[in-house]
Amino acid sequence: MGHWPNISPILTVTMKRCSPFKGPFPSYHKPISLLDSCKSMEQIKQAHAHLITTGLLLSPIRANKFLEKLAFSSFGSILYARQVFDQIPFPDLFLHNTMIKAHSLSSTSSYNSMIIFRSVVRGLSLTPNRYTFVFLFKACGNSLGLLEGEQVRVHAIKVGMENNVFVTNALIGMYANWGLVEEARRMFDCSVERDLYSWNIMVGGYVGTGDMDRALEWFDRMPERDVVSWSTIIAGYVQVGCFLEALDLFHKMLQIGPKPNEFTLVSVLAACANLVALDQGRWIHVYIERGEIKMNEQLLASLIDMYAKCGQIEFASKVFCNGRGLRRKVWPWNAVIGGFSMHGKSKEAIEIFEQMKLEKVSPNKVTFIAMLNACSHGNMVDEGRGYFESMASCYGIEPEIEHYGCMVDLLGRAGFLDEAEEIISSMPMAPDAAIWGALLGACRIHKDMERGERIGKILKEMDPNHIGCCVLLANIYSASRRWNEAKVVREEIELNGRKKIPGCSSIELNGVFHQFLVGDRSHPQTKQLYLFLDEMTTKLKIAGYVPQFGDVLLDIDDEEDKETALSKHSEKLAIAFGLMNTAPQTPIRIVKNLRVCGDCHEATKFISKVYDREIIVRDRIRYHHFKKGICSCKDCW
DNA sequence: CTAGGGTTAG
């Protein structure tokens, strides 16, 4: 009876209900609302004991409430619900529906929904109703196959349920979930009744297949649009990397659409983070703080992520600290650990992880990716090994291929190339191109030419079109002065259809984005920009900067044509543009789609000194904070 | 006493 204080609220009121003296409220509400107030499995079990001893479990209504609590609350357990359900003598259709729904939510248990459904129609000869079909189609769309879906659909037709708008929508959703949007559309077209939901499901279906053109087409044709319709499109834009479009639509939504909600803002913040749109991100933060939107864990995580990706890691950490009370879930923790990690602040990441343990928040696989990356950036090999091993032994999280990739990167970067290769051969899954790429990168850093050549060949066979890796291989050849072989690989890259992504950097000035490609001359200020660039290069040279023309070794991803040369690399254009158009001392934030090349890195260090500016560059993988001639990455990236 | 739509992190 150690938990007696916990149980008392349930007991008191429920017993009141059993007493002949009824309170001022309809008595049946009370025990239900108190069951609702259960806050832990302990309390649920106590409620269970009580329901058994009072015989209340025999009431279908009460039993159903109890099952729902078990199946749908965050601390509940479907297994427990199933056991309770199995002990109910004659469960009615209602209870069966609840169990079908309970199993439909998790993709690993969806087949149980089907088993229960079969027992309903075969064993019990009950006639399923529209609720049954809604839950079942959900289960099918989640993880079951076409076969089951069709069976259920035929059954729905048989019992005359196929024209109920809820059932039709669930059916459309099932096809959309499978990625069969055209099938979904056929259902939509021949449905006798449709509503806003039907449209939203179709828009979501096209977004799910990445077909933004179609999604927009449907969005435009909608008779009415609600916050979900808008949010779906915005999220879709973010998913396919059209961040500017996402922000544009968000602005339009603010002008003519419904009020955004927390879902909308999560997507918008992701767009801001990717664009390094700090001003707009701040605006969202203010919007939330004004009380327009209720803050939740996801939103907090998105804010932290946005600030971190906009280079404001200190502020990101402050937002996390202020977010007390919203730290039960893993998301804000992952966001702040990931932020520290990408800014090379390994110690801080580890501190947060320790704090997380103290507050008893369970890490997940993303937490460990962030932690391993943090160790990698801080050269903390032993710590990294420790975290990697603790995943399975302490937290029951089996390492996935990404985690192995982090380990290869960590070990390789630190020079443990043999151990890194052993990790690859001991992995339970087949290594992918990213894994070999990490090892190849390590070979380049540590100038292990033999291994590099061997790995490079494996990689090239695996994915001949992976330009980055081919470039790496070519660099390894040229670094060991094997010019002919280097030339062959380079020519192959050319022949392979020039799939190389051009370097592209952008900068936000007063909420407007300016993008620069390599050697870009399309910007209206081009003339001044190139004049400024010349002047800048001269100043840098006076300060001691030496262009690293011949250094193909460090020229990892940036294999632009020789004649466009280093001085026109996109980040130099963007930085110069930033210097021209902002007041002295203003920090300059650049985002680049590829990795920074060695020469630009060197030049930026000088720029930060010569112009006395803080320059924050986000490349494809991590951040570089340049200040007074020094970069936060300590020249290791 | 049951229903339907959409999120984050590498």
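In what follows, chains are A, B, ... by sequence order, proteins preceding strands, each numbered from 1. Just so it is clear, the values below take in all heavy atoms, side chains as well, and ignore hydrogens, waters and symmetry mates. Model, not experiment: these values are computed from the prediction.
The nearest whole Å value for the distance from the CD1 atom in Ile233(A) to the P atom in dT7(B) is 12 Å. In this structure, the CZ atom of Arg225(A) is 19 Å from the P atom of dG6(B), given to the nearest Å. Distance, Leu303(A) CG to dT8(B) P: 15 Å, rounded to whole Å. Counting to the nearest Å, the P atom of dT2(B) and the CG atom of Leu126(A) are 19 Å from each other. Counting to the nearest Å, the P atom of dA9(B) and the CD1 atom of Ile337(A) are 15 Å from each other. The distance between atom CG of Asp305(A) and atom C1' of dT8(B), rounded to the nearest whole Å, is 7 Å. To the nearest angstrom, P of dT2(B) lies 19 Å from NE2 of His96(A). Atom CG of Leu269(A) and atom C1' of dT8(B) are 10 Å apart (whole Å).
Looking at heavy-atom distances under 4.0 Å, Glu68(A) makes contact with sugar-phosphate atoms alone, never a base. Using a 4.0 Å heavy-atom distance criterion, Phe135(A) is classed as a base contact. In this structure, Asn97(A) reaches the bases: a heavy-atom distance under 4.0 Å links it to at least one base atom across the strands shown. Nucleic acid contact for Thr232(A): sugar-phosphate only, since backbone atoms but no base atoms lie under 4.0 Å from a heavy atom of the residue.
Checking dG4(B), dA3(B), dA9(B) against the side-chain heavy atoms of Asp195(A) singles out dG4(B) as nearest. Side-chain atoms of Ala301(A) lie closest to dT8(B) of the nucleotides dT7(B), dT8(B), dG10(B). Comparing dG10(B), dG6(B), dT2(B) by their nearest atom to the side chain of Asn373(A) picks out dG10(B). The listed nucleotides are dC1(B), dA3(B), dG6(B); the one nearest the side chain of Thr264(A) is dG6(B).
Looking at Asp226(A), its side chain comes within 3.5 Å of the base of dG5(B) through a donor and an acceptor atom. Taking 3.5 Å as the limit, the base of dT8(B) and the side chain of Gln298(A) contain no donor-acceptor pair of atoms between them. A donor and an acceptor atom never sit less than 3.5 Å apart when one is taken from the side chain of Asn200(A) and the other from the base of dG6(B). Not a single donor-acceptor contact under 3.5 angstrom links the side-chain atoms of Asn169(A) to the base of dG5(B).
Cation-pi geometry between Lys345(A) and Tyr623(A) is not met: the NZ or CZ atom fails to fall both under 6.0 Å from the ring centre and inside 45° of the normal.
For the pair Phe166(A) and dG4(B), the ring geometry does not qualify as stacking, because the centroid separation below 5.5 Å and plane angle under 30° are not jointly satisfied. A stacking contact between Phe263(A) and dT7(B) is absent: the pair does not combine a ring-centre distance of less than 5.5 Å to the base's six-membered ring with planes differing by less than 30°.
Annotation: Phe388(A) is not in aromatic contact with Phe368(A) [ring centroid separation under 6.0 Å not met]. Phe66(A) has its ring centre less than 6.0 Å from the ring centre of His48(A).
To the nearest 0.5 Å, atom CD of residue Gln280(A) and atom OH of residue Tyr287(A) are 14.5 Å apart.
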Let me have the donor-acceptor pairs involving side chains of residues 323-330 of chain A, under 3.5 Å, with sequence neighbours excluded, atom names and distances please.
unit_1	atom_1	unit_2	atom_2	d
Arg324(A)	NH1	Cys321(A)	O	3.2
Arg327(A)	NH1	Glu359(A)	OE2	3.1

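Counting only distance, with no hydrogens or angles, the side chain of Asn373(A) and the backbone of Ile369(A) share a donor-acceptor pair below 3.5 Å. With hydrogens and angles disregarded, a donor-acceptor distance shorter than 3.5 Å links the side chain of Trp178(A) to the backbone of Cys140(A).
Remark: nothing in residues 179-194 of chain A comes within less than 4.0 Å of DNA chain B through any heavy atom.
Checking the phosphate oxygens (OP1, OP2) of dT7(B), a side-chain nitrogen or oxygen of Gln239(A) falls inside 4.0 Å. One finds a side-chain N or O of Lys138(A) lying less than 4.0 angstrom from the OP1 or OP2 phosphate oxygen of dG5(B). The shortest distance between the side-chain N/O atoms of Lys309(A) and the OP1/OP2 oxygens of dG10(B) is below 4.0 Å.
Ion pairing between Asp248(A) and Lys252(A) fails under the 4.0 Å rule for side-chain N and carboxylate O.
A search for salt bridge (Lys or Arg N to Asp or Glu O under 4.0 Å) contacts involving Glu314(A) returns nothing, not counting sequence neighbours.
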